Every structure is written in structure tokens, then in C-alpha cells.
Amino acid sequence: MKIEAGKLTHNAANSSFEALMGGKNNRIVDIPIDDLVATENQPFRVVNDERMKILVDDIKINGVLEPILVIAENGKYRILAGHRRTAASRLAGKETVPAIIQNGKKNEKLIIVNTNLPQRENFLPSELAKAYKLQQEGYKEENKSLDQMASDTGSSKRMIQYYIKLNNLIEQLLELVDQKIITVKAGAKLSILDNASQKTVFDFIIKNKIKKIDEIEADNIAANNRYVGYTSDAYLCALFLKGKGKKEDNYKYDSYIIGTKEVADIKSGISDICSCRRLIDSTVLTKTEYIKFTKAKEMIEKQLKAIQKILDKK
């Protein structure tokens, strides 16, 4: 999912080129393109798409109209802003790129984010996630809060928090957020899962061709994970495939051989619950917690009886 930059307000970004670089009197120099190197792990992707082709054609005719921003480092010039313009210049056959060389100790993280945001028309959620995280780190270095960051950029604090949480997703799930299969808010909810549980969710989505996971479904997955300690394929089947006739479609044979390994997860889960320190020592639950506990216990007992009934058949 691309986010249109026009829908975001970046007051800090719009003024950053002057404020962060120390005013308008910055000398522009032409730097040999082979002397330019990228900043590793910067948030913004350089993709050879249709927009890149348009930029290449424009540079062939008009050159690079807005200089890139670099810092001298180890005999080269590391790009802070202008990775796409540099890549397009290479494709256009340019030997040099106009640039402003940053001097002095400026906040590099804020420069990278605040000077890149105005240069793009839209962003993937993964790009905004990494950009907001980098921007937050820059604000922390200046002893500024997330509230101040939200105020300066004109963005919602909660929205920023949603995007920052996406950085805790495994790459496969983050890619599904970019593809709009998982919403941004749902991705933020799923970010609390451990990597193994996230991989289980990803495999389930791909295997069952799930088209959409929204915030409510993600909240259910996260809540179950907090209670049980992990996310199982069986739970996801119950959540997404119940009554849809898809679960049975996954089984193509007329008969199956099973053994104790098929119930190992059940045994392990029950063992974990029985050895829970809160149960051993006895604990107090609120009314809401007790109702949830009782309903879950009744559901487990019902399913165990169903399994026993199947196995008792001759």
C-alpha cells in the first residue's frame, strides 16, 4: 500500500533543508558519480519502476534540478538525500551529480528523514515504519519526545506509533503489509508476537490464500498469543476457516496414519498450563478473566472429548 505524501504534513521536513543545513547559502558542487556511495539501511527504497523511468528521461533532458545531499567520508561522498536521483543519473548516463556537502555535526538521522520525505509522492508502509523509527531516534538524540516529533511533523502520535511497531514484524509479514493483505493497524497488533508465531501466521496466510487481515482479527491473534504463549495453526484455522469449507479442502487423501506426534502440541500445551506458577500457587482472577478462563476450559474439554470419541472408534 502506497501512502500519498500529500496526505502527510511534514512541517519539519519542509524546512529541514534550510534549518538542518544551516540556511540557504550552501554551495552546490558537481561530484563524480563514481565517488558517491549509498547510506546503508536508510528507509527509502530505490526501485526501477515507471516513476524511475520518468525521472531518468527528465534528467536526460533537464539534468538534476535539485542537488543531492552528501557527507564526505573515507575519500568518498555518502548520500544522505538523493539515492533515487543518483540512481536515475547513472541510468541517464551522467558522469557527475550536483550536490551540497554537509559540514559540521548535524543530526544525520533527522537530515536523512526530513530531506527525503518532501522528495517523494508516496511511500510504502515499510518505508514509513523505518523512517519514523529513524526520526524518533534522531529526536531522542536531541532529548526531544515523541509528542514533540508529532507536533513538529504535523502527524498523529498514535499513527506514528503504529508505523514504528511495524519494525518488529518479520520481513515476510512486513511485505504483506506493503501488499495491503495486512492493514497497518493489524500489523502493529501482530508485532507483539514472537518471530516463530509470526512465521506461523505468515505460512498460514500463504497456504490458505488469506486475502485480508484487519485490526480485529489481529487483536484476536495477539490476545490468544498472550494467553497461550504461542500462535498455532489450529487456532488460525478456527479463526479464519470456520464454516467456510476451506479447512477440509486442504486434505486430499481418503485416509491418514496418525500417532502420538499428532497430539504432541496438545500435550505440551496442557503441560505448560498445569505447570504454570500462578495455578500451582493459586491465583485470583477478575470476573471477566474467570469467564474467559471457564469458556476456554469448556471448549478444550469439548474438543478433547471429540478427539477421544474418534480414537475410540474401531
Side-chain angles (χ1 to χ4, degrees), residues 129 158 161-177 181-244 246-248 250 258 260-311:
R158 178 164 292 188
Q161 289 173 323
Y162 282 138
Y163 279 105
I164 290 176
K165 286 179 180 179
L166 295 182
N167 290 287
N168 295 323
L169 292 176
I170 61 175
E171 285 298 321
Q172 297 99 316
L173 285 186
L174 189 57
E175 181 64 29
L176 294 184
V177 177
I181 293 175
I182 301 175
T183 67
V184 170
K185 290 183 179 180
K189 296 282 187 182
L190 295 175
S191 69
I192 72 161
L193 273 59
D194 60 89
N195 286 355
S197 292
Q198 289 191 35
K199 185 61 166 57
T200 298
V201 173
F202 171 77
D203 290 341
F204 178 83
I205 292 172
I206 300 303
K207 175 183 175 182
N208 295 284
K209 299 179 180 179
I210 303 298
K211 295 181 179 179
K212 195 79 170 182
I213 292 184
D214 60 26
E215 184 181 6
I216 295 175
E217 291 163 333
D219 200 29
N220 287 331
I221 295 171
N224 175 262
N225 186 276
R226 282 193 294 268
Y227 276 112
V228 181
Y230 62 93
T231 298
S232 68
D233 190 75
Y235 172 78
L236 296 174
C237 283
L239 180 63
F240 288 96
L241 305 184
K242 183 179 180 181
K244 295 183 179 180
K246 292 183 179 179
K247 191 173 181 181
E248 291 75 11
N250 295 324
I258 67 168
T260 55
K261 68 176 183 178
E262 269 71 34
V263 294
D265 286 344
I266 300 173
K267 181 179 179 181
S268 175
I270 292 176
S271 177
D272 289 343
I273 292 173
C274 292
S275 61
C276 175
R277 177 56 59 184
R278 290 185 68 190
L279 279 181
I280 294 173
D281 296 339
S282 295
T283 189
V284 177
L285 300 179
T286 65
K287 180 179 179 180
T288 300
E289 289 174 333
Y290 182 72
I291 291 173
K292 288 182 178 179
F293 174 82
T294 302
K295 287 183 177 179
K297 176 172 168 288
E298 290 173 351
M299 184 180 297
I300 292 171
E301 290 172 346
K302 182 178 180 180
Q303 295 302 324
L304 287 174
K305 288 179 180 178
I307 292 173
Q308 188 65 54
K309 186 175 181 181
I310 292 171
L311 296 177

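Owing to the predicted nature of the structure, the values given are computational and were not obtained by experimental measurement.
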Enumerate donor-acceptor pairs with a distance under 3.5 Å from any side-chain N or O in residues 221-228 to protein atoms, sequence neighbours excluded.
{"from": "N225", "atom 1": "ND2", "to": "S197", "atom 2": "OG", "distance (Å)": "3.2"}
{"from": "N225", "atom 1": "ND2", "to": "T231", "atom 2": "OG1", "distance (Å)": "2.9"}

Over all heavy atoms of both residues, which pair between K212 and E217 is shortest? Give the atoms and the distance, please.
->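 Looking at all heavy atoms of both residues, the shortest contact is O-OE1, 3.6 Å.
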
For residues 166-175, which residue pairs pass the side-chain hydrogen bond (donor to acceptor under 3.5 Å, both in side chains) check, not counting sequence neighbours?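 Listed once each, the pairs are E175-Q179.
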
For residues 182-203, the ring-ring contact (aromatic ring centres under 6.0 Å, His included) pairs (sequence neighbours left out) are none

Rounded to the nearest 0.5 Å, what separation is found between the [atom1] atom of [X] and the [atom2] atom of [Y]?
| X | Y | atom1 | atom2 | result |
| --- | --- | --- | --- | --- |
| T183 | L176 | OG1 | CG | 12.0 Å |
| F240 | I210 | CZ | CD1 | 6.0 Å |
| L169 | L174 | CG | CG | 6.0 Å |
| L173 | I205 | CG | CD1 | 6.0 Å |
| L241 | F204 | CG | CZ | 4.0 Å |

Open item on the list: Can you confirm whether more than 12 heavy atoms, excluding those of I206, are under 6.0 Å from its CD1 atom?
Closed with: yes

*With S282 via side-chain hydrogen bond (donor to acceptor under 3.5 Å, both in side chains) - residues at least two apart*: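 Applying side-chain hydrogen bond (donor to acceptor under 3.5 Å, both in side chains) to S282 gives none.
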
Across all chains, not counting sequence neighbours, the side-chain hydrogen bond (donor to acceptor under 3.5 Å, both in side chains) partners of D214 are none

side-chain contact (heavy atoms from CB on, under 4.5 Å) partners of [X], counting only residues at least two apart:
| X | value |
| --- | --- |
| T286 | T288, E289 |
| D203 | K199 |
| A218 | A186, K189, L190, I213 |

Problem - Test item: Q198 side-chain N/O and I170 main-chain N/O as donor-acceptor pair under 3.5 Å - result: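 Side chain of Q198 to backbone of I170, a donor-acceptor pair under 3.5 Å: yes, one is there.
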
Heavy atoms, side chains only, cut-off 4.5 Å: are Y235 and T200 in contact?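 No, every pair of side-chain atoms sits at 4.5 Å or beyond.
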
Pair up each side-chain donor or acceptor in residues 291-304 with any protein partner under 3.5 Å, not counting sequence neighbours, and list the distances.
{"from": "T294", "atom 1": "OG1", "to": "Y290", "atom 2": "O", "distance (Å)": "2.8"}
{"from": "K297", "atom 1": "NZ", "to": "E301", "atom 2": "OE2", "distance (Å)": "3.0"}

